[in-house]
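Below, all heavy atoms of this structure are taken into account, side chains as well, without hydrogens, waters or symmetry copies. All chains are named by letter (A, B, ...) in the order of the sequence lines, taking the proteins before the strands, and each is independently numbered beginning at 1. In this text, all values refer to a predicted model and were calculated from it rather than measured experimentally.
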Amino acid sequence: MTANTQARHEALGLTRDQLLEMYYYMLLTRRIDERLWLLQRGGKIPFVISPQGAEAAQVGGAYAFRRNQDWFLPYYRDLGINLVAGVTPREIMLSAFARRSDPSSGGKQMPNHWGNRGANVVSGSSPVTTQLLHAVGIAQASRMRGDDVVVYTCCGEGSANQGDWHEALNWAGLHNLPVIFMVQNNQYAISVPLEKQVAGGSIAARGKGYGMPGVQVDGTDLLAVYEAFKEAHDRAMRGEGPSLIEALCLRITSHSSDDDQRRYRSAEEIEAMKAGDPLTKIKHYLAEHGLLDDAGSAEIDVRVKAEVDDATEWAESQPYADPEFALSQVYGEG
Amino acid sequence: MAVLNFLEAVRETLRAEMRRDKDVWVVGEDVGKKGGVFGATLGLFDEFGDQRVQDSPLTESAIVGVGIGAALYGSKPVCEIQFADFIFPAFNQIISEAAKMRYRSDGDWTVPMVIRAPFGGGVHGGLYHSQSVEQYFTSTAGLKVVVPSTPYDVKGLLAAAIRDPDPVLFFEHKGLYRAIKGEVPEGDYIIPIGKADVKRDGTDITVITYGKAVHFCLEAAEELAKEGHSALVLDLRTLLPLDREAIMTAARKTGKVLIVHEAGKTHGIGAEVAALIAEECLFDLDAPVQRLCGPDIPAMPYAGPMEKFYMLSPEKCLEAMRTLAQF
Ligand SMILES: Cc1ncc(C[n+]2csc(CCOP(=O)(O)OP(=O)(O)O)c2C)c(N)n1
Ligand SMILES: [Mg+2]
């Protein structure tokens with residue numbers, strides 16, 4: 001790198017510290033997920049659904065938002081979004097172990113059905129894309145109150161065929177609402193590949209029909225994703241309305257711990273994903289620009305591992321809710 | 001004290017609640033300048049503007065889903081579904097989201113919203129403008145389901161629904177909109193959700209009903225009185241949660257119970273009410289519990305004679321009530 005050529009992150013206004021923080025979040029996302037698979041294989045937790053291959057899309061995307069001010073309506077793979085929004089590894093593990101103090105639900109919900117009042121992460125469900133309409137409603141209500149809020153919401157490319165997806169984009173487009181719709185296109189919806197799922201092959205192209213820019217971005221390229229989101233977030237803050245961002249991601253793992261992708265993907269295809277691993281790519285970038293040497297990298301590894309260890313041990317030691325907790329919170333007072 | 005028809009009671013309550021609380025807003029198809037296809041929001045657009053009286057695109061799932069989002073943010077949407085028959089595109093949002101939000105988030109996230117919808121037949125609406133859809137919702141804990149029968153009850157219950165911390169489905173029988181007038185006090189009042197109301201006291205038989213059928217049963221009770229039988233008419237008003245105490249008290253009082261509703265019989269509200277009475281009041285009964293309900297067919301046909309065949313009437317109610325009284 002010659003001194004007078006600006007590095008990509010600098011051109012985007014990101015400092016070295018910020019970039020390293022993004023890397024830290026990507027690594028944390030990966031390591032938490034790897035730990036969850038171990039716990040699942042060891043019979044300690046029943047279920048895992050994984051962000052592996054989408055860490056750059058999630059962390060790069062989330063980084064454009066304002067913590068504790070903007071709102072998040074993520075989908076099940078969005079571990080990275082949650083962490084950047086301020087949800088802690090301990091809280092993630094509490095939900096994996098379904099403990100009483102799990103902030104998303106007290107153990108009522110499966111893991112990855114995020115929800116964290118303190119971090120403005122809205123409670124989610126299993127039927128895909130219902131949350132997109134909630135995101136639009138939140139944007140509408142916050143605008144009515146004159147609040148400065150941008151809303152993040154997301155789903156996969158298969159889910160982008162649901163009616164609620166289209167209804168949400170149409171409504172946001174009509175009212176020019178500050179919502180950023182991300183689609184993490186990992187080429188598969190469980191076993192069904194993109195070409196059997198999305199007519200025309202492009203989710204981004206649909207944005208035009210709903211009166212908003214639709215951009216496609218390499219979802220394994222942290223800086224490219226950040227750039228697209230920064231632009232969309234700036235537009236939203238300027239009152240220019242919603243954006244659609246299609247991030248081309250990888251799904252490195254099977255759909256979930258209940259799936260085995262070797263039944264519908266070739267060994268070569270699975271192997272080929274390694275080359276595009278977003279973590280490998282960002283590590284390469286950091287090394288190439290002299291931003292992180294081996295010692296620095298090892299330090300982050302140690303820190304992340306310690307956090308994951310702490311979260312796991314602590315969460316596992318926490319109690320379940322009493323069985324009768326099942327009867328709580330059906331109706332409020334009043 | 002003003003005399004209002006059922007529809008005016010809906011409108012004036014919406015107006016009063018919107019004046020009272022600036023977080024209350026209405027959203028639905030044609031609710032703006034047109035004031036709704038039945039006129040329930042007529043004039044509100046002029047007073048409150050296009051944000052608080054918002055014409056939605058033609059998308060029921062979004063009307064409810066966006067309403068849920070707004071409620072999560074702390075505002076209080078009153079969503080209008082143009083006809084209850086068209087609520088099904090929003091079914092997932094109601095069942096999977098609105099009903100479960102408080103429960104699944106341990107109370108961190110709640111949905112204080114109202115979904116209003118005109119329902120019911122006898123208006124030449126055919127299969128898709130006549131249905132009674134309440135039974136699809138009454139088995140879902142987390143929802144409240146309200147069906148008023150008089151202008152007085154509309155005001156007290158709609159105000160209660162709007163101020164309620166949970167999602168309330170508010171079903172208005174469209175056959176009552178202009179047909180029923182009544183006195184409505186001008187001041188603020190609430191009728192608690194979950195409380196039934198004895199619309200007519202009596203000693204020989206108990207009729208448990210709701211919606212438009214309340215009026216049929218009251219008319220029939222007048223006739224029955226002339227024949228020497230006294231009927232108690234209990235208006236459920238809220239279908240979820242059911243007023244168990246009022247049902248048991250009314251059943252025990254006469255020992256003879258007839259349940260009447262326009263919605264189909266099988267797996268209907270009547271089945272639940274009858275089961276409750278069987279569980280709690282069996283030895284107070286002097287006759288088997290009876291049900292007079294819509295037939296178990298997919299929906300109400302259009303042609304006059306078939307529609308009439310489907311619909312309840314004072315005559316049908318009288319016949320069922322007389323048979324029970326004579327048991
Ligand atoms: C309405 C609904 N139908 C089916 C499912 C079951 N399901 C869960 S995830 C999934 C595939 C989703 O694929 P995609 O949207 O591409 O997201 P990805 O998992 O690939 O990230 C399916 C079919 C569901 N959760 N919701
Ligand atoms: Mg996918």
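In this structure a side-chain-to-backbone donor-acceptor pair under 3.5 Å is missing from A:Arg145 to B:Asp23. Side-chain atoms of A:Tyr331 come within 3.5 Å of backbone N or O of B:Gly142 as a donor-acceptor pair. A distance-only check finds a donor-acceptor pair linking the side chain of A:Arg117 to the backbone of B:Asp108 [under 3.5 Å].
Contact of the A:Thr130 side chain with the B:Asn92 side chain is registered, since non-hydrogen atoms from C-beta on lie closer than 4.5 Å. Looking only at side-chain heavy atoms (C-beta outward), B:Lys100 and A:Ser125 stay at 4.5 Å or farther from each other. Using a 4.5 Å cut-off on side-chain heavy atoms (C-beta onward), A:Glu333 and B:Pro165 make no contact.
Inspection of non-hydrogen atoms places A:Asp164, A:Glu167, A:Asn170, A:Trp171, A:Leu174, A:His175 of residues 155-180 of chain A under 4.5 Å from chain B. Residues of residues 79-112 of chain A lying under 4.5 angstrom from chain B, judged on non-hydrogen atoms, are A:Arg100, A:Pro103, A:Ser104, A:Ser105, A:Lys108, A:Gln109 in numerical order.
Within 6.0 Å of CZ on B:Phe48 lie more than 12 heavy atoms contributed by other residues, nucleotides or ligands.
The salt bridge (Lys or Arg N to Asp or Glu O under 4.0 Å) check on A:Asp259 picks up A:Arg251, with sequence neighbours excluded. Scored by the salt bridge (Lys or Arg N to Asp or Glu O under 4.0 Å) test, A:Glu246 finds no partners at all (sequence neighbours excluded).
Between B:Gly69 and A:Ile138, the shortest heavy-atom distance links the atoms O-CG1, 3.2 Å. A:Ser328 approaches B:Tyr103 most closely through the heavy-atom pair O-CD1, 3.0 Å. Nearest heavy atoms, A:Val330 versus B:Ala141: CG1-CB, 4.0 Å.
Side-chain contact, A:Gln140 with B:Gln54: a donor N or O sits under 3.5 Å from an acceptor N or O.
Interface remark: B:Ser61 contributes backbone and side-chain atoms alike to the contact with chain A (heavy atom separation under 4.5 Å).
For the atom pair CD of A:Gln131 and CD of B:Glu97, the computed distance is 8.0 Å after rounding to the nearest 0.5 Å. To the nearest 0.5 Å, the span separating CD on A:Gln329 from CG on B:Asp106 amounts to 5.5 Å.
When ring centroids are compared, B:Trp109 and A:Trp114 stay outside the 6.0 Å threshold.
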